[in-house]
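These notes are about the structure you will find just below.
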Amino acid sequence: MPDRFRNSTLLHVEDLYQAFGGKVVLDNIDLSVAAGELVTVVGPSGCGKSTLLRIIIGQDRPAGGQVWLDGHQLDTPNRERGVVYQHYSLFPNLTVLDNVLAGHRLRGWPWQKPPAEACELAEHLLAKTGMDRHLEKYPHQLSGGQRQRVAIAQALMQKPRILCMDEPFSALDPGTRETMQLLLLELWEAFGMTVFFVTHDLEEAVYLGTRLVALSPYYTDDRGDGDGVNRGARVVVDRSLRPIGTAVSPRIKTDQAFAQCIQEIRRDAFDPDHRQHVSTFDLSHPHSWVTFTADEVRPAESQAAE
Ligand SMILES: Nc1ncnc2c1ncn2[C@@H]1O[C@H](COP(=O)(O)OP(=O)(O)OP(=O)(O)O)[C@@H](O)[C@H]1O
Ligand SMILES: [Mg+2]
């Protein structure tokens, strides 16, 4: 087990690399998430947010590095990680209730009725997501927000150790999106969930998260900027937003500190003209750490000798 593992660590990602066709996308990602955190992940489009999420849910294998969940090293997808995508993952030919039970049906009894306790849990989750009056409807009879409610219930049905969400509310209109944000916060509190939430919306990230992680390819290191440098996105910001267990109100969106936090993250992660050196990133979250390879950060003497 990695040295940096803590008792409270649920997810541990260390020295993670991913590359496609020779282009590095994720470059030496280090991240530890404690149980109960709601981590929001932002970064410029194409920087590798979904790539990181796919590795965490075990859908893709990384080119290098390690991922641990609950003390076990991951390689294949399993039910410890539930996932909700922007585009609905519902089966069009199944009712709302059957969609939530679909995992059970796929696992053993496609033609039989699932056990009573599974049906009870599905109905409970659909009640929690406000869908109990729509159990017999089909996905085409639901609004976008309602479909995402069912998708969340479907993911929670697997009792995941971590709920991974990839821009789950991005296709929704602003009012529905706000309602879904409140629903997520309610469920997170009620079930004591750990959530890994990818979004491209900074306001959503700063509002929802207990912790914000920004990935970005816009930074410098001691490798310089020559043609041969094949640099991918790193964690350039990892900061606490509020303590776990504290409530959040939509009113914080009008606070000056909220606007300032957004401005800082926009500058540090999204502005190609603002490139910090790897040694100066805002990694102020107490569980944050960073490893450098020898060429990313070289001792001053070796640089002076060149
Ligand atoms: N299977 C793949 N094969 C080849 N290239 C890929 C593959 N998956 C992702 N990429 C590339 O990796 C980079 C990161 O993609 P990714 O989808 O992770 O970005 P993202 O941060 O989620 O972007 P967005 O905010 O637009 O969703 C992109 O350049 C993308 O084209
Ligand atoms: Mg993406």
Side-chain angles (χ1 to χ4, degrees), residues 11 13-31 33 38-67 74-77 81-89 144 147-148 151-152 155 162-174 177 180-181 184 195-209 211-219 225 227-239 262 265-272 274-276 278 281-282:
L11 173 71
V13 172
E14 187 159 329
D15 297 338
L16 190 81
Y17 290 86
Q18 185 63 301
F20 297 110
K23 168 81 189 92
V24 176
V25 172
L26 298 177
D27 204 337
N28 202 354
I29 305 285
D30 297 316
L31 187 65
V33 175
L38 199 169
V39 183
T40 48
V41 181
V42 296
S45 183
C47 75
K49 302 179 295 295
S50 299
T51 299
L52 176 60
L53 184 133
R54 283 201 307 275
I55 294 171
I56 290 172
I57 63 169
Q59 192 175 320
D60 286 357
R61 272 173 195 275
Q66 302 172 30
V67 181
L74 299 184
D75 39 23
T76 51
R81 292 145 285 164
V83 62
V84 178
Y85 294 106
Q86 174 183 354
H87 298 292
Y88 323 116
S89 53
R147 287 183 215 180
Q148 285 307 70
I152 292 172
I162 186 162
L163 180 66
C164 294
M165 309 181 89
D166 195 354
E167 312 217 7
F169 308 147
S170 300
L172 306 176
D173 65 73
R177 186 171 189 151
M180 294 300 288
Q181 291 171 344
L184 175 66
V195 179
F196 191 85
F197 186 101
V198 170
T199 176
H200 62 259
D201 182 331
L202 273 174
E203 189 184 274
E204 180 170 73
V206 176
Y207 168 59
L208 283 182
R211 171 180 183 179
L212 183 138
V213 168
L215 297 179
S216 178
Y218 307 136
Y219 61 89
D225 282 314
D227 285 346
V229 180
N230 187 358
R231 189 179 281 128
R234 285 192 78 124
V235 173
V236 301
V237 177
D238 185 357
R239 60 198 271 178
I262 290 179
I265 293 158
R266 186 169 288 130
R267 179 197 62 202
D268 289 350
F270 289 79
D271 181 357
H274 179 86
R275 291 177 191 250
Q276 298 179 85
V278 282
F281 291 159
D282 171 5

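Note that ligands are numbered from 1 as they come in the structure, with each ligand's atoms numbered from 1 the same way.
At under 3.5 Å, not a single nitrogen or oxygen of His200, backbone or side chain, sits near a nitrogen or oxygen of ligand 1. Checked by distance only, ligand 1 and Val25 stay at 3.5 Å or farther apart across all their nitrogen or oxygen atoms. Close N/O approach between Phe20 and ligand 1 is not found [any backbone or side-chain N/O within under 3.5 Å].
Asn230 places a side-chain N or O within 3.5 Å of a backbone atom of Val24 that can act as its donor or acceptor partner.
Nearest heavy atom pair, residue Ala214 against residue Ala269, reads CB-CB, 3.7 Å.
Among protein heavy atoms, the minimum distance from atom 17 (O) of ligand 1 is reached at Ser50 CB, 3.8 Å. Looking from atom 25 (O) of ligand 1 to the surrounding protein, the closest heavy atom is Lys49 NZ, 2.7 Å. Ser45 OG, 2.6 Å is the protein heavy atom nearest to atom 26 (O) of ligand 1. Protein heavy atom at the shortest distance from atom 28 (C) of ligand 1 is Gly46 O, 3.7 Å.
Under a 4.0 angstrom heavy-atom cut-off, Gly43 registers as lying outside contact with ligand 1. Using a 4.0 Å heavy-atom cutoff, Arg54 is listed among the residues neighbouring ligand 1.
The closest side-chain heavy-atom distance from Leu11 to Val67 is below 4.5 Å. Between His200 and Ser45 the shortest side-chain heavy-atom distance does not fall below 4.5 Å. Put simply, the side chain of Tyr207 does not reach to within 4.5 Å of the side chain of Thr40, judged on heavy atoms. Put simply, the side chain of Phe197 does not reach to within 4.5 Å of the side chain of Val39, judged on heavy atoms.
In summary, the side chains of Gln18 and Thr51 do not present any donor paired with an acceptor at a separation below 3.5 Å, with no hydrogens or angles considered.
There is no protein heavy atom closer than 4.0 angstrom to atom 30 (C) of ligand 1.
Between Arg239 and Asp282 there is a salt bridge, since at least one side-chain N of the basic residue sits less than 4.0 Å from a carboxylate O of the acidic one.
Put simply, Thr51 stays out of reach of the Mg ion (ligand 2), with no N, O or S atom under 2.8 Å from it.
Proximity to Thr51 (heavy-atom distance under 4.0 Å) selects the following atoms of ligand 1: 9 (C), 14 (C), 15 (O), 16 (P), 18 (O).
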